[in-house]
*Asks:* 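Submitted below is the structure of interest, expressed as structure tokens.
Residue numbers count from 1 along this sequence.
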Amino acid sequence: MTLPSRVDHPSLPYVLSFDPADLDFARMHPWYAEEAYWCKGIALEKLTRAFLNSLSVGLYEKAVSGLRQVGAARAITDRATFAYLADVFLATEARGQGLGEWMVATLLAHPDLADQRRQLLATADMHALYAKFGFKDLSKPEILMEKVSAALKAALT
């Protein structure tokens with residue numbers, strides 16, 4: 001299956017884009033640096049590098065003046081066997097319409113992610129959403145290890 005670089009929402013005036021050139025990092029940076037508990041204070045350069053080195057998707061509202069970004073997500077992946085779903089964010093004004101679920105579903109349906117052996121994510125509060133896509137508690141937590149930065153430990157406590 002080939003996924004187009006842009007996907008229109010079936011009934012709402014929104015579009016998803018897999019084209020990294022469409023990402024509006026100036027708009028995205030405050031979301032992640034100020035609102036996202038997992039990366040508060042992230043530098044613009046680091047956020048940009050993270051999204052450009054991942055399979056990323058942006059969510060855009062269709063407006064008279066053009067497209068206005070209202071969300072983003074990315075998969076850190078080798079595009080063959082493994083992916084880590086990360087940095088799923090929806091601007092406050094776009095929440096409550098099912099757009100986050102549509103964005104995640106479309107990203108996970110990307111041909112580079114569809115038949116991988118393992119996909120992981122971390123969330124403090126959206127377990128019910130990700131369960132809809134088959135994510136569960138680790139089946140063998142004893143085989144996974146992590147190295148967490150002091151900044152992330154502080155953000156998660």
Side-chain angles (χ1 to χ4, degrees), residues 1-44 46-138 152 155-156:
M1 171 181 116
T2 302
L3 196 64
S5 64
R6 287 197 173 171
V7 180
D8 286 306
H9 191 279
S11 61
L12 297 172
Y14 291 90
V15 63
L16 292 169
S17 173
F18 286 93
D19 185 344
D22 289 337
L23 294 169
D24 182 349
F25 290 106
R27 180 150 167 79
M28 293 167 58
H29 185 248
W31 298 339
Y32 292 100
E34 298 167 17
E35 297 181 52
Y37 68 84
W38 62 90
C39 61
K40 282 197 188 243
I42 190 168
L44 175 59
K46 187 171 273 199
L47 179 74
T48 302
R49 193 165 22 119
F51 271 84
L52 293 179
N53 286 313
S54 302
L55 175 58
S56 301
V57 64
L59 172 64
Y60 304 86
E61 180 180 30
K62 295 177 186 177
V64 175
S65 59
L67 298 178
R68 185 175 74 93
Q69 190 166 357
V70 295
R74 67 190 182 104
I76 305 159
T77 182
D78 61 10
R79 296 178 185 247
T81 64
F82 177 81
Y84 183 91
L85 182 61
D87 296 327
V88 177
F89 192 91
L90 202 59
T92 305
E93 68 270 16
R95 295 177 188 166
Q97 303 176 74
L99 294 169
E101 189 170 337
W102 176 58
M103 180 171 62
V104 170
T106 305
L107 177 57
L108 293 176
H110 191 283
D112 289 350
L113 303 181
D115 65 351
Q116 294 181 333
R117 293 174 37 200
R118 177 170 285 146
Q119 295 179 347
L120 296 174
L121 65 82
T123 183
D125 55 0
M126 298 300 290
H127 296 79
L129 169 67
Y130 297 117
K132 294 177 183 181
F133 302 106
F135 286 92
K136 304 173 186 174
D137 290 339
L138 295 173
L152 181 57
L156 297 177

*Asks:* Which pair of heavy atoms, one from Tyr84 and one from Ala122, lies closest together, and at what distance?
*Replies:*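 Closest heavy-atom pair between Tyr84 and Ala122: OH-CB, 3.2 Å.
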*Asks:* Any pair with a residue in residues 100-112 that passes salt bridge (Lys or Arg N to Asp or Glu O under 4.0 Å), sequence neighbours left out, goes on the list, sorted by first then second residue, please.
*Replies:*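 Every pair satisfying salt bridge (Lys or Arg N to Asp or Glu O under 4.0 Å) with a residue in residues 100-112: Arg79-Asp112, Glu101-Lys132.
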*Asks:* Side chains of Ile76 and Asn53: closer than 4.5 Å at any heavy-atom pair?
*Replies:*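 They are not in side-chain contact.
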*Asks:* Where is the tightest heavy-atom contact between Trp38 and Asp87, given as atom of each residue plus distance?
*Replies:*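 Distance-wise, the nearest heavy atoms are NE1-OD1, 2.6 Å.
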*Asks:* Could you tell me whether the side chains of Gln119 and Thr77 share a donor-acceptor contact shorter than 3.5 Å?
*Replies:*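 There is no such pair between these side chains.
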*Asks:* Supply the atom-to-atom distance Phe82 CZ to Leu120 CG, rounded to the nearest 0.5 angstrom.
*Replies:*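 With rounding to 0.5 Å, CZ (Phe82) is 4.5 Å from CG (Leu120).
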*Asks:* Could you check whether any side-chain heavy atom of Met126 comes within less than 4.5 Å of a side-chain heavy atom of Val88, counting everything from C-beta outward?
*Replies:*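 A side-chain contact is absent here, since even the closest heavy-atom pair is not under 4.5 Å.
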*Asks:* Does any non-hydrogen side-chain atom of Leu16 lie less than 4.5 Å from one of Arg6?
*Replies:*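 Of all side-chain heavy-atom pairs linking Leu16 with Arg6, none is under 4.5 Å.
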*Asks:* Could you tell me which residues satisfy side-chain hydrogen bond (donor to acceptor under 3.5 Å, both in side chains) with Ser54, sequence neighbours excluded, listed by chain and number?
*Replies:*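 Ser54: side-chain hydrogen bond (donor to acceptor under 3.5 Å, both in side chains) contacts with Arg74.
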*Asks:* Got a second to check how far Asp22's CG is from Leu59's CG, nearest 0.5 Å?
*Replies:*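 The CG atom of Asp22 sits 12.0 Å away from the CG atom of Leu59.
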*Asks:* Report the distance from atom CG of Leu23 to atom CG of Leu52, rounding to the nearest 0.5 Å.
*Replies:*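 Separation between the atoms: 7.0 Å.
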*Asks:* Kindly give the heavy-atom pair with the smallest separation between Ala73 and Phe51, and that separation in Å.
*Replies:*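 Answer, listing the atom of Ala73 first, then Phe51: O-CE2, 3.7 Å.
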*Asks:* How would you list, by chain and number, every residue that makes a salt bridge (Lys or Arg N to Asp or Glu O under 4.0 Å) with Arg95, sequence neighbours excluded?
*Replies:*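 In terms of salt bridge (Lys or Arg N to Asp or Glu O under 4.0 Å), with neighbours along the sequence ignored, Arg95 is linked to no residue.
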*Asks:* Check side-chain hydrogen bond (donor to acceptor under 3.5 Å, both in side chains) between Asp78 and all other residues, then give those that pass, not counting sequence neighbours.
*Replies:*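 By the side-chain hydrogen bond (donor to acceptor under 3.5 Å, both in side chains) rule, Asp78 matches Thr81.
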*Asks:* Under the ring-ring contact (aromatic ring centres under 6.0 Å, His included) rule, collect the residues that match up with Phe89, sequence neighbours excluded.
*Replies:*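 Checked Phe89 against ring-ring contact (aromatic ring centres under 6.0 Å, His included); matches are Trp31, Tyr32.
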*Asks:* Indicate yes or no: at least one non-hydrogen side-chain atom of Trp102 is less than 4.5 angstrom from one of Leu107.
*Replies:*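 Trp102 vs Leu107: side chains apart.
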*Asks:* Using side-chain hydrogen bond (donor to acceptor under 3.5 Å, both in side chains) as the criterion, list what pairs up with Glu61, not counting sequence neighbours.
*Replies:*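 Arg68.
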*Asks:* Under the side chain to side chain contact (heavy atoms under 4.5 Å, CB included) rule, collect the residues that match up with Leu12, sequence neighbours excluded.
*Replies:*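 For Leu12 the side chain to side chain contact (heavy atoms under 4.5 Å, CB included) partners, ignoring immediate neighbours, are His9, Tyr14, Gln97, Leu99.
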*Asks:* In chain order, what residues pass the side chain to side chain contact (heavy atoms under 4.5 Å, CB included) check against Lys46, with sequence neighbours excluded?
*Replies:*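 Side chain to side chain contact (heavy atoms under 4.5 Å, CB included) check on Lys46 returns Ile42, Ala43, Arg49.
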*Asks:* Once side chain to side chain contact (heavy atoms under 4.5 Å, CB included) is applied, do any residues pair with Glu34, and if so which ones, sequence neighbours excluded?
*Replies:*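 Pro30.
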*Asks:* Under the side-chain hydrogen bond (donor to acceptor under 3.5 Å, both in side chains) test, which residues partner Asp8, sequence neighbours left out?
*Replies:*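 Here the qualifying residues are Lys62.
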*Asks:* Taking all non-hydrogen atoms of both residues into account, name the closest pair between Gly71 and Gln69 and its distance.
*Replies:*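 Between these two residues, the closest heavy atoms are O-NE2, 3.0 Å.
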*Asks:* Tell me, which pairs form a salt bridge (Lys or Arg N to Asp or Glu O under 4.0 Å) where one or both residues lie in residues 116-126, sequence neighbours left out?
*Replies:*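 Counting only pairs at least two positions apart or across chains, no salt bridge (Lys or Arg N to Asp or Glu O under 4.0 Å) contact touches residues 116-126.
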*Asks:* Is any side-chain heavy atom of Tyr60 less than 4.5 Å from a side-chain heavy atom of Ser17?
*Replies:*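 Yes, close enough: below the 4.5 Å cut-off.
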*Asks:* Return the set of residues passing side chain to side chain contact (heavy atoms under 4.5 Å, CB included) with Leu121 (not counting sequence neighbours), or none when no residue passes.
*Replies:*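 Partners of Leu121 by the side chain to side chain contact (heavy atoms under 4.5 Å, CB included) criterion, ordered by chain and then number, come out as Leu85, Thr123, Tyr130, Phe135.
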*Asks:* For Ala83 and Gln116, work out which heavy atoms get closest and say how close.
*Replies:*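 Heavy atoms of Ala83 and Gln116 come nearest at CB-OE1, 3.0 Å.
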*Asks:* Mind checking the CE-CG spacing from Met28 to Leu47? Nearest 0.5 Å is all I need.
*Replies:*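 That separation rounds to 5.0 Å.
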